[in-house]
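Beneath this line is the structure, given in structure tokens, with notes to follow.
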Amino acid sequence: MPQGTREAMLEAIEEDRIIIGAYTDSDGGVCPMLAAHRHGGRTDLASFARAWDRYTKANKPRPATERELRTLKVMLQECIALDDDLDTSAFSQVIAEHKEAKRRRRGDRSRILRELEDSALGTVVARAKKLHLRHDAVR
């Protein structure tokens, strides 16, 4: 879950009525993810809602207990603290290199396809397409 969403969820725990087993209830209670969204954490994580309901053994909508809220709060605070201590500069570099490699491969594919279309094999494939031959019929 992104840092901003965790921070928004922490804020929501303090200010909103958090529930279990539904996104909202008739008394104005909201699930933690929707509460975070309303506090600026623009993340859609259905997996969090499922995990939250499974952890709390939800079988129908109800208010979260103090213990459940305290546990969620501590988990969020620990994740934020770990992220603050984690040096992600190497991750950013690896991601940038990966995106550049994908961009280069895309260009290589386009060049290879153009060369193939200009080759004798490309001519045969084009003729087969014109004749509407199925792939398994051309052997």
Side-chain angles (χ1 to χ4, degrees):
M1 177 182 319
Q3 175 98 359
T5 302
R6 289 190 295 252
E7 290 169 355
M9 194 176 288
L10 272 173
E11 184 179 305
I13 290 171
E14 297 298 323
E15 297 177 15
D16 296 345
R17 187 172 159 275
I18 303 299
I19 64 165
I20 290 163
Y23 287 109
T24 62
D25 69 7
S26 58
D27 297 325
V30 293
C31 74
M33 187 54 72
L34 180 55
H37 182 80
R38 290 179 177 175
H39 284 262
R42 302 290 188 243
T43 305
D44 179 24
L45 283 175
S47 59
F48 174 84
R50 285 190 300 274
W52 171 246
D53 286 347
R54 196 170 44 249
Y55 167 74
T56 59
K57 297 179 176 78
N59 53 11
K60 65 180 184 174
R62 65 172 174 82
T65 66
E66 285 300 318
R67 179 184 162 277
E68 291 162 341
L69 291 173
R70 192 174 44 252
T71 301
L72 178 58
K73 184 176 180 178
V74 168
M75 283 192 235
L76 291 168
Q77 289 169 334
E78 287 299 314
C79 286
I80 289 169
L82 285 173
D83 272 1
D84 288 345
D85 294 340
L86 185 64
D87 177 15
T88 59
S89 58
F91 293 137
S92 300
Q93 179 64 29
V94 169
I95 290 168
E97 289 172 6
H98 174 69
K99 287 180 178 178
E100 176 60 22
K102 278 178 62 176
R103 187 192 61 73
R104 281 195 312 270
R105 281 193 307 270
R106 218 178 357 257
D108 289 347
R109 268 187 249 138
S110 297
R111 180 184 49 76
I112 290 168
L113 288 173
R114 278 193 307 276
E115 290 173 2
L116 178 62
E117 288 172 353
D118 295 339
S119 71
L121 178 59
T123 305
V124 170
V125 171
R127 283 189 197 144
K129 285 182 180 178
K130 282 183 183 177
L131 295 172
H132 300 292
L133 295 176
R134 291 189 2 237
H135 173 34
D136 59 351
V138 182
R139 291 185 188 225

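Treat the numbers as computed from the prediction; the structure is a model and nothing was measured.
Applying the side-chain hydrogen bond (donor to acceptor under 3.5 Å, both in side chains) test to pairs two or more places apart or on separate chains, those with a residue in residues 29-39 are E11-H39, D16-H39. Residue pairs meeting the salt bridge (Lys or Arg N to Asp or Glu O under 4.0 Å) criterion with at least one partner in residues 59-79, sequence neighbours excluded, are E14-K73, R62-E68.
Residue I80 is grouped with residue M33 when hydrophobic side chains (ILVMFWY) are merged at heavy-atom distances under 4.5 angstrom, including chains of intermediate members. Note on I13: it clusters hydrophobically with W52, by side-chain heavy-atom contacts below 4.5 Å among ILVMFWY residues.
The side chain to side chain contact (heavy atoms under 4.5 Å, CB included) search around A101 returns R104, R105, not counting sequence neighbours. Not counting sequence neighbours, the partners of T5 by the side chain to side chain donor-acceptor pair (under 3.5 Å) test are T43.
Closest heavy-atom contact between I20 and P63: CD1-O, 4.3 Å. Counting all heavy atoms, side chain and backbone alike, A12 lies closest to A36 at CB-N, 4.1 Å.
Note that CD1 of I18 and CG of L69 are 6.5 Å apart. Values are rounded to the nearest 0.5 Å. The CZ atom of F48 sits 4.0 Å away from the CE atom of M9 when rounded to the nearest 0.5 Å.
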Run L72 and Y55 through side chain to side chain contact (heavy atoms under 4.5 Å, CB included) and show every step you take.
CA-CA 10 Å; L72 178 58; Y55 167 74; over 6 Å; no
Under 3.5 Å, sequence neighbours excluded: what are the donor-acceptor pairs made by side chains of residues 23-32?
unit_1 : atom_1 : unit_2 : atom_2 : d
D25    : OD1    : R17    : NH1    : 3.2
D25    : OD1    : D27    : N      : 3.0
D25    : OD1    : G28    : N      : 3.1
D25    : OD1    : G29    : N      : 2.6
D25    : OD2    : R17    : NH1    : 2.8
D25    : OD2    : R17    : NH2    : 3.2

